[in-house]
Amino acid sequence: MAERDDRPGRLMQIGSILKDAALGRLRVAAQDRRRIEAAIETLDDEARRAAADDDIAVRAVMDGSRMLRHQQRRTALNAQLARARAQEAVLMKEAARTFGRDEALRGLFDRTRRR
């Protein structure tokens, strides 16, 4: 009796593993982007609270350094966010391609089994 060919099943498993790995990388990239966006929001909230400080003497002494710190930190976070968004876009394309391959393999083997 001929042995059953398990290569299609293994190929489908590999496709599924690759799809899951690509989706995992995309999930990590999205979390990183959201973390940076939250840091920007926190920084902006701090700046708004500092601008609302009622003590004129404190504002006179601190406003310049606060604004400089805010601008420098915001610039750094904006650069990080741009990199994170670019990385997420690349990983999204990769995940879509991997998902498409996996679906194509499944469809191919489903049609083959029906014959």
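- Minimum interatomic distance between Ala22 and Thr98 (heavy atoms only, all atoms of both residues): CB-OG1, 4.0 Å.
- With values rounded to the nearest 0.5 angstrom, Asn78 atom CG is found 10.5 Å from Arg73 atom CZ.
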Item to complete: In sequence, state the C-alpha distance, the side-chain angles, and the governing distance for Glu41 and Glu46, and then conclude on side-chain contact (heavy atoms from CB on, under 4.5 Å).
Response: CA-CA 9 Å; Glu41 185 63 32; Glu46 289 172 5; over 6 Å; no
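- Residues Glu88 and Ala29 share a closest heavy-atom pair of CA-CB, 4.2 Å.
- To the nearest 0.5 Å, the span separating CZ on Arg85 from CG on Asp32 amounts to 12.0 Å.
- Remark: Gln31 CD to Arg34 CZ distance equals 6.0 Å, nearest 0.5 Å.
- Between Glu37 and Leu81, the closest heavy-atom pair is CG-CD1, 3.7 Å.
- The shortest heavy-atom contact between Arg74 and Leu43 is N-CD2, 3.5 Å.
- Atom CG of Leu18 and atom CZ of Arg101 lie 8.0 Å apart (nearest 0.5 Å).
- The structure places CZ of Arg35 at 8.5 Å from CG of Leu77, a figure rounded to the nearest 0.5 Å.
- Note on residues 15-28: pairs passing side-chain hydrogen bond (donor to acceptor under 3.5 Å, both in side chains), not counting sequence neighbours, are Lys19-Asp102, Arg25-Glu94.
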